[in-house]
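Below you'll find the structure, written out as structure tokens, and then a few comments.
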Protein chains: 2
Amino acid sequence: MTNIKKVSELAGVSTATVSRALKNPSLVNVKTREKVMEAVKTAGYRPNWLASSVKSGKSNSIVVLVPNLVNPFFMRIIEGIEKGAQEHGYSVLLGDTQGEHKRENEYASMLLSNRADGLIQLDHSFPFSEADEDLSKNVPLVSVCERVTGKDYPYIELDNYAAGRAIMNHLVSYGHEKFGFIAGQRSSQIFHDRLAGMKSVLSEEGINFEESSLVGESYDLDTGVEGVKELLKLPHRPTAICCFNDDIAMGALFELTRRGISIPKDISITGFDNVRVSGYVNPPLTTVDQPAFDMGKRAVDVLVKMMKNEELTRKREILPFQLLERESSGPAKR
Amino acid sequence: MTNIKKVSELAGVSTATVSRALKNPSLVNVKTREKVMEAVKTAGYRPNWLASSVKSGKSNSIVVLVPNLVNPFFMRIIEGIEKGAQEHGYSVLLGDTQGEHKRENEYASMLLSNRADGLIQLDHSFPFSEADEDLSKNVPLVSVCERVTGKDYPYIELDNYAAGRAIMNHLVSYGHEKFGFIAGQRSSQIFHDRLAGMKSVLSEEGINFEESSLVGESYDLDTGVEGVKELLKLPHRPTAICCFNDDIAMGALFELTRRGISIPKDISITGFDNVRVSGYVNPPLTTVDQPAFDMGKRAVDVLVKMMKNEELTRKREILPFQLLERESSGPAKR
DNA sequence: CAACAAAGAGTAAACGATTACATTCTACCA
DNA sequence: TGGTAGAATGTAATCGTTTACTCTTTGTTG
């Protein structure tokens, strides 16, 4: 192992000088500096990151808790996180939780053992009730997409209420009156926000919201398939189906098409997230674009502030969304 | 900060005893052990991971170099890596390279500064020619999917040659004679393997391979769209299009459908990877299933062996593939 | 020319753990 | 009863850096 001592001997100076030459060059004489650099080069020396970190007490790493890596929307967020982390000089530790509390706890405890300095979650589950009590303390934690109910951790999201309204306004303007909804977990805060937004438009239009028209409990393609099956059994078949993400919507689209139901002629479909492939299915999905990359990047900005104990100007960051009216939605069939 | 010294004072023992009680309990008397555990609990002590790592010289972390996080096939591999790493007690550092050598180099140098002990790449580009020369040494490195040409780093992949043959046999058995190919980077080894497999079948069948039928240079949905545009301009329109991954295939499917060309009646399409959504487009894609999760997990197994300086029984791990004959391929139009 | 500031470099003490070695104590056996 | 093995614990060195503190040298100013 080539350590700082070897370099110092090679350069004929003390280890302190080597360290200064590398980290704080202005403190050492130009000629010595050059000698040191020369020695560094010939020795092939790289400062031991572990050692510096132990000294500073900072690992310069952040953990990202992701329920599921295969979701391209999450991954886009993580790309943003990665970029932001890199710019701030942090590394990203991947915490694939698969939704298990045990794993979430494991990754989160990295904060307590100095393996990581902060945590970003793409879920709303941490810190959960049975979580390690030390972790419920004021650790640097930021939520993206979701917010933690009852706690006041900062979070980055978009105005899901407004987005819900936007989708529903769009459909209502096409004359739809009978809706189906395929959703994810009921515990999700953003689910309630979006639904509330949609309901607000419905009530303005004097349209009833029926509990039976809300089906589904998770987020994958199959949820869309099963959701459609359920919705088609309803006494009044919906003319528009709002899905809470693009995967669900693509599943729904698949099942409807398979049954010979034409989109959007017979039924309109909307998604959410604007994952890339949603623009390449037939027909392309009407959906809400979320600035996923930016959300990730902003999350890091906020987290870095917290880790540096800087004051946060606000706990809540709302990013803009955009309704993409594509071909999966159209005039209601009468 | 609660450190081992505080705990030792609280328990009325030396720091050595505390350390032993935690890491090597059999060396400590039961009663003392309990006292220590008690103190650990009341102090809320967690061993400082950085400090232990400095001592051992091992960071117990591995870096994963990914060209692109949004690809669900890569992400499935990474899920496998994550799982494997966790089981072996390693953490995963995310290295999103976006295909840039500079970034690859940055992440790879984590190995030299003790920030990580090993590296897994989902790409074939590292170590590239201009790479830091220290990195070209014998570092623990495993490639998944791709292999590094010219070097003998271990790699995990499937028999792409055979998979290429399987796809082509399938199409030939449907009577296809005129093919189009939409591919990714020419520098990719697996690309050549698959193409060679396909060509071998063609030559057995006495079918000519035309250079002009091979288009495309990257891996995304647009590559499929553009590829189709190009292929349709050919003097003899292909009756089957082989795409080198599912994203390309879905792009192709999208563009063909948009032009009113019916799949598979007019043209058959095949993909590769079996990403989840490929079974939920209309029609579902004929593709090759790769055991992505297992590939990731196996890569970690191999890497861990390397990091422990154990002997590798073999450098090359070939995993089984499966041809999924779905509805995007069918009898050739005559 | 005395006095003092500033620059440059070295010494040694941290950081928080682990562990080789030394020490103490008990128990057992000849 | 003396000797020894083994268990249990403490002391202090160590990992590779960083940095507070000290010392020397040089330059500046009244």
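Chain letters run A, B, ... following the sequence lines, proteins first and then strands; every chain starts at 1.
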> With a non-hydrogen cut-off below 4.0 angstrom, is A/Ser53 in contact with a base, only sugar-phosphate, or nothing?
Replying inline: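 Touches nothing.
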
> Checking all strands, does B/Ser56 fall into the base, sugar-phosphate, or nothing category for heavy-atom contacts under 4.0 angstrom?
Replying inline: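 It contacts nothing in the nucleic acid.
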
> Contacts to DNA chain C from residues 15-31 of chain A, heavy-atom cutoff under 4.0 Å, which residues?
Replying inline: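 Hits under 4.0 Å, by residue number: A/Ala16, A/Thr17, A/Arg20, A/Val28, A/Asn29.
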
[X] and [Y]: side-chain donor and acceptor closer than 3.5 Å?
X        : Y        : result
B/Glu146 : B/Ser188 : yes
A/Glu106 : B/Gln86  : yes
B/Gln121 : B/Glu104 : no
A/Ser14  : A/Thr17  : yes
B/His88  : B/Asp301 : yes
A/Asn114 : A/Ser59  : no
B/Ser91  : A/Arg115 : yes

Could you state the [atom1]-[atom2] distance from [X] to [N], rounded to the nearest angstrom?
X       : N      : atom1 : atom2 : answer
A/Lys6  : D/dG16 : NZ    : C1'   : 12 Å
A/Asn48 : D/dT14 : CG    : P     : 18 Å
B/Lys58 : C/dT18 : NZ    : P     : 17 Å
B/Trp49 : C/dG16 : CH2   : C1'   : 14 Å
B/Ile4  : D/dG10 : CD1   : P     : 12 Å
A/Lys5  : C/dT11 : NZ    : P     : 12 Å
B/Leu50 : D/dT17 : CG    : C1'   : 12 Å
A/Asn60 : D/dT17 : CG    : P     : 16 Å

>> Can you tell me which nucleotide in C/dT11, D/dC15, C/dG8 comes closest to the side chain of B/Val54?
In response: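 Given the options C/dT11, D/dC15, C/dG8, the side chain of B/Val54 is closest to D/dC15.
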
>> On the side chain of B/Lys55, is there an atom forming a donor-acceptor pair with the base of D/dT14 - under 3.5 Å, no angle test?
In response: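 Side chain to base: pair found, below 3.5 Å.
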
> Toward the 5' end of DNA chain D, which comes first, B/Val13 or B/Ala51, by nearest nucleotide?
Replying inline: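 Looking at DNA chain D, the more 5' nearest nucleotide goes with B/Val13.
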
> Do any side-chain nitrogens or oxygens of B/Ser52 fall under 4.0 Å of OP1 or OP2 in C/dA17?
Replying inline: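 Answer no for this pair, as no side-chain N or O of B/Ser52 is under 4.0 Å from OP1 or OP2.
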
